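Hydrogens, waters and symmetry mates are skipped; everything else that's a heavy atom, side chains included, is used. Owing to the predicted nature of the structure, the values given are computational and were not obtained by experimental measurement.
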Amino acid sequence: MRWKLCTIRPLCTVADLNRQQRAKRLYTLTQQENMRLGIISALHEEQAGLVEAMGGAAKLIHGKREYWVGQLWEIDAVCVLSRIGKVAAAMTATTLVEKFGVTHILFTGVAGAGDKTIRVGDIVVAESLVQHDMDASPLFPRFEVPLTGQTHFQPDQQLSLRLSSAAHAFLECDFLETISETERQAFGLAQPRVHRGLIASGDQFVNDRQRIDALNGALPGLVAVEMEGAAVAQVCQELDVPFAVIRAVSDNANEDAAHDFMRFVKSVAAQYAFHITRRLCRHLVEAPLQSRSESAGM
């Protein structure tokens, strides 16, 4: 009988651990390689810092808009300013999908409070969206988008939950360091909260308390009013693209709505968007979203 000498090796060496980490990272990247996140804002100030943080950024101009393509915290991304209003937002969302091949869309920006319990500085993540100025009655019910049978459009649940989690983490961990005491005092930002609910969009800057009260009566569960989200929601629903909408509440949608609006956008909302998007992207790298077939158990 011949005996073969064997070298006893540790069960797991540093090299093994490094290989395992590389393999895990490769798996995560493989999971993410088909994801391209489109990020839309209506105003330049609402997206401040994101393009600067983008790795390998390249600017492409299409439809009189600048699309910045690159990577945000290891997520393939395209950033673009839609401009204000539903048509502008819908055109931008469609271009992101059809020309730039985005697989998911995030709309970030500001909104007016849709309920008296919502305060300036709070964060709203949409659970559903409606066009509050859509009224083709008596041919179709009020708020129903003609020939779709729908009044409300639902964002992607997975992406919205991740977005809510990122918003909560921002308020708990980053808020005090990110928003200066001067701005916190100026806008009365004591303890901002995250809300989820109905967002209403229309081609109107709502700054009338009677108007917001009427919308509250017609749209139960309303938490915010703005000018783009529901249009993006309809495009994404028709093109079968998962999306989410997040808004920083800039005003109470009353007669004082325009007061210091741009100051809030620059010094508060832009910081919210940057840090929440960063947390979202990092979480997506660590734990990729399930495909729709996986989440449905197929």
When you look at Leu72 and Cys79, which way does the side-chain contact (heavy atoms from CB on, under 4.5 Å) test go after all the steps?
-> CA-CA 10 Å; Leu72 282 172; Cys79 293; 3.9 Å; yes
Might you work through the side-chain contact (heavy atoms from CB on, under 4.5 Å) test for Ile105 and Val102, ending with a clear yes or no?
-> CA-CA 7 Å; Ile105 286 180; Val102 305; 3.9 Å; yes
Under the side-chain contact (heavy atoms from CB on, under 4.5 Å) criterion, do Val265 and His44 qualify, and how do the steps go?
-> CA-CA 10 Å; Val265 171; His44 172 75; over 6 Å; no
Take Leu106 and Leu163 through the side-chain contact (heavy atoms from CB on, under 4.5 Å) test and state the conclusion after the steps.
-> CA-CA 9 Å; Leu106 168 64; Leu163 198 54; 3.5 Å; yes
Do Phe243 and Phe107 pass the ring pair (Phe, Tyr, Trp, His ring centres under 6.0 Å) test, and can you show the C-alpha distance, the side-chain angles, and the key distance before you say yes or no?
-> CA-CA 8 Å; Phe243 74 96; Phe107 199 108; over 10 Å; no
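When hydrophobic clusters are built by joining Ile, Leu, Val, Met, Phe, Trp and Tyr residues whose side-chain heavy atoms come closer than 4.5 Å, directly or via intermediates, Val87 is not grouped with Val245. Note on Leu222 and Val130: same hydrophobic cluster, where clusters join Ile, Leu, Val, Met, Phe, Trp and Tyr whose side-chain heavy atoms are under 4.5 Å apart, directly or indirectly. There is no path of hydrophobic side-chain contacts, each under 4.5 Å, that joins Phe153 to Val235. Residues Leu176 and Phe187 are members of one and the same hydrophobic cluster, defined by side-chain heavy-atom contacts under 4.5 angstrom among Ile, Leu, Val, Met, Phe, Trp and Tyr. Residues Val120 and Phe261 fall within the same hydrophobic cluster, defined by Ile, Leu, Val, Met, Phe, Trp and Tyr side chains chained together at heavy-atom separations under 4.5 Å.
You'll find the side chain of Met134 stays beyond 4.5 Å of the side chain of Glu144, heavy atoms only. Counting heavy atoms from C-beta on, the side chains of Asn34 and Thr103 never come closer than 4.5 Å. In this structure, the side chains of Val249 and Ile123 stay at 4.5 Å or more apart for every pair of heavy atoms. Taking the side chain as every heavy atom from C-beta outward, His132 and Arg211 approach each other to under 4.5 Å. For the pair Met54 and Leu50, the minimum side-chain heavy-atom distance is 4.5 Å or more. Looking at heavy atoms from C-beta onward, Arg193 lies out of side-chain contact with Ile118 at the 4.5 angstrom threshold. Within the 4.5 Å cutoff, the side chain of Leu219 has heavy atoms near those of the Phe143 side chain. Looking at heavy atoms from C-beta onward, Phe175 lies in side-chain contact with Arg184 at the 4.5 angstrom threshold.
Atom CG of Leu284 is separated from atom CD of Gln158 by 10.0 Å, given to the nearest 0.5 angstrom. To the nearest 0.5 Å, atoms CD (Gln47) and OG (Ser82) are separated by 9.0 Å. Atoms OG and CG, from Ser165 and Leu280 in turn, are 9.0 Å apart once rounded to the nearest 0.5 Å. To the nearest 0.5 angstrom, Thr277 atom OG1 is 8.0 Å from Leu37 atom CG. Phe264 contributes atom CZ, which lies 5.5 Å from atom OH of Tyr272 (distance to the nearest 0.5 angstrom). Here Ile75 contributes atom CD1 and Ile39 contributes atom CD1; the two are 9.5 Å apart, rounded to the nearest 0.5 Å.
Environment of CD in Gln154: crowded, with over 12 heavy atoms of neighbouring residues, nucleotides or ligands closer than 6.0 Å. By the 6.0 Å contact criterion, CD on Glu177 is open, its count of non-hydrogen atoms from other residues, nucleotides or ligands being 12 or less.
With hydrogens and angles disregarded, a donor-acceptor distance shorter than 3.5 Å links the side chain of Glu46 to the backbone of Val110. Glu228 places no side-chain N or O within donor-acceptor distance of the main-chain N or O of Lys86, the cut-off being under 3.5 Å. Remark: the backbone N or O of Gly114 is paired with a side-chain donor or acceptor of Asn216 at under 3.5 angstrom.
Scanning both residues, Asp156 and Ser160, for their nearest heavy atoms gives O-OG, 2.8 Å. The minimum heavy-atom distance between Ile199 and Ala126, with the atom names listed, is CD1-CB, 3.6 Å. The two residues Arg263 and Ala186 have their closest heavy-atom pair at NH2-CB, 3.4 Å. For Leu129 against Pro155, the heavy-atom pair with the smallest separation is CD1-CG, 3.8 Å. Across every non-hydrogen atom of Gly85 and Asp203, the tightest pair is CA-OD1, 3.4 Å. Listed here is the closest heavy atom pair of Phe274 and Gly49: CE1-O, 3.4 Å.
For the residue pair Gln131 / Gln234, a side-chain donor-acceptor distance below 3.5 Å is found, with atom types taken as modelled. Inspection of the Glu183 and Ser267 side chains reveals an N or O donor paired with an N or O acceptor under 3.5 Å. No hydrogens or angles considered: a donor-acceptor pair under 3.5 Å links the side chains of Arg65 and Thr92. Side chains of Arg119 and Gln191: no donor on one and acceptor on the other come within 3.5 Å. A donor-acceptor contact closer than 3.5 angstrom links the side chains of Gln237 and Gln150.
The only option from His275, Arg278, Arg279 that meets the side-chain hydrogen bond (donor to acceptor under 3.5 Å, both in side chains) definition with Asp174 turns out to be Arg279.
Note on Arg247 versus Glu226: salt bridge recorded, some NZ/NE/NH1/NH2 to OD/OE distance being below 4.0 Å.
Under the 30°/60° scheme for interplanar angles, the aromatic rings of Phe100 and Tyr67 are found to lie parallel.
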